[in-house]
Amino acid sequence: MARLDQAQLLAAAKGFLAADADPTGKADLVGDKGSAVVAADPGDMKAAFKRIKKVDGFRWVVINREDLFAANALSIGSKAGILDAEGAVLKEADVPRKRM
């Protein structure tokens, strides 16, 4: 699959997550399967994982599959899962816990 830009990756994620834009702006998308932030470029991933840490519930970062090694190192401690442009789970999201 060809590398997708931010808009293409966002459109793909809307489809497989059946999600809409997050009205609060904390994430890019929000749906029944949780919230997602899209990071089409490896340079955007650090900010994406920092942003998704502040979201409650299941958290996902959607990336281009070839960026998995860069994303995996940044995902440590975020409790966020990683999805590719086709909706395949590259890393499972941790079960959300209530914040104290």
Side-chain angles (χ1 to χ4, degrees):
M1 181 172 202
R3 184 174 188 80
L4 302 179
D5 66 16
Q6 186 77 10
Q8 294 169 324
L9 203 52
L10 187 62
K14 277 185 181 181
F16 63 74
L17 287 173
D20 295 313
D22 185 358
T24 66
K26 290 182 180 179
D28 292 331
L29 301 171
V30 65
D32 292 339
K33 297 177 183 175
S35 299
V37 172
V38 175
D41 186 68
D44 299 333
M45 288 183 193
K46 187 172 185 176
F49 281 102
K50 186 175 182 180
R51 188 173 162 205
I52 202 69
K53 280 184 181 182
K54 299 175 184 172
V55 177
D56 291 328
F58 280 102
R59 304 171 233 182
W60 302 97
V61 175
V62 182
I63 64 167
N64 286 298
R65 183 180 278 270
E66 54 269 17
D67 298 331
L68 177 59
F69 289 110
N72 196 36
L74 294 169
S75 71
I76 296 170
S78 70
K79 304 220 180 273
I82 302 172
L83 301 171
D84 73 359
E86 296 176 355
V89 176
L90 304 177
K91 179 184 175 203
E92 288 286 338
D94 287 346
V95 176
R97 295 183 212 137
K98 290 189 177 187
R99 294 183 185 208
M100 301 279 177

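The heavy-atom pair separating S78 from F49 by the smallest distance is OG-CD2, 3.7 Å. In terms of heavy atoms, A80 sits closest to K91 at O-NZ, 3.9 Å. Nearest approach of A39 to A48, heavy atoms of both residues: CB-CB, 3.9 Å. Closest heavy-atom contact between V62 and F16: CG1-CZ, 4.1 Å.
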Please walk me through it: do R51 and D28 pass salt bridge (Lys or Arg N to Asp or Glu O under 4.0 Å)? CA-CA 10 Å; R51 188 173 162 205; D28 292 331; 3.0 Å; yes

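The CD1 atom of I63 lies 12.0 Å from the CG atom of D44; values are rounded to the nearest 0.5 Å.
Judged as a side chain to side chain donor-acceptor pair (under 3.5 Å), and not counting sequence neighbours, K79 has no contacts. Listed by chain and residue number, nothing satisfies the side chain to side chain donor-acceptor pair (under 3.5 Å) test with N64 (two or more places apart in sequence, or in another chain). Take D67 and apply the side chain to side chain donor-acceptor pair (under 3.5 Å) test, not counting sequence neighbours, and it matches R3. In this view, A93 and F58, W60 satisfy the side chain to side chain contact (heavy atoms under 4.5 Å, CB included) rule, not counting sequence neighbours.
Formation of a donor-acceptor pair under 3.5 Å by the R65 side chain with backbone atoms of A85 is not found in this model.
Every pair passing side-chain hydrogen bond (donor to acceptor under 3.5 Å, both in side chains) that includes a residue from residues 11-25 is listed here, sequence neighbours excluded: D22-T24. Screening residues 30-43 for side-chain hydrogen bond (donor to acceptor under 3.5 Å, both in side chains) gives no qualifying pairs among residues at least two apart or on separate chains.
Side-chain heavy atoms closer than 4.5 Å link hydrophobic residues (I, L, V, M, F, W, Y) into clusters, and following such links, possibly through other members, connects I82 to M45. Cluster annotation: V30 and V61 are assigned to distinct hydrophobic clusters (Ile/Leu/Val/Met/Phe/Trp/Tyr, side-chain heavy-atom contacts under 4.5 Å, transitive).
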Indicate every side-chain donor-acceptor pair of residues 5-13 with a distance under 3.5 Å to a residue at least two apart or in another chain.
residue	atom	partner	partner atom	Å
D5	OD1	A7	N	3.2
D5	OD1	Q8	N	2.9
Q6	OE1	A40	N	3.3
Q6	NE2	V38	O	3.0
Q8	OE1	D5	N	3.0

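Put simply, the side chain of V37 does not reach to within 4.5 Å of the side chain of V55, judged on heavy atoms.
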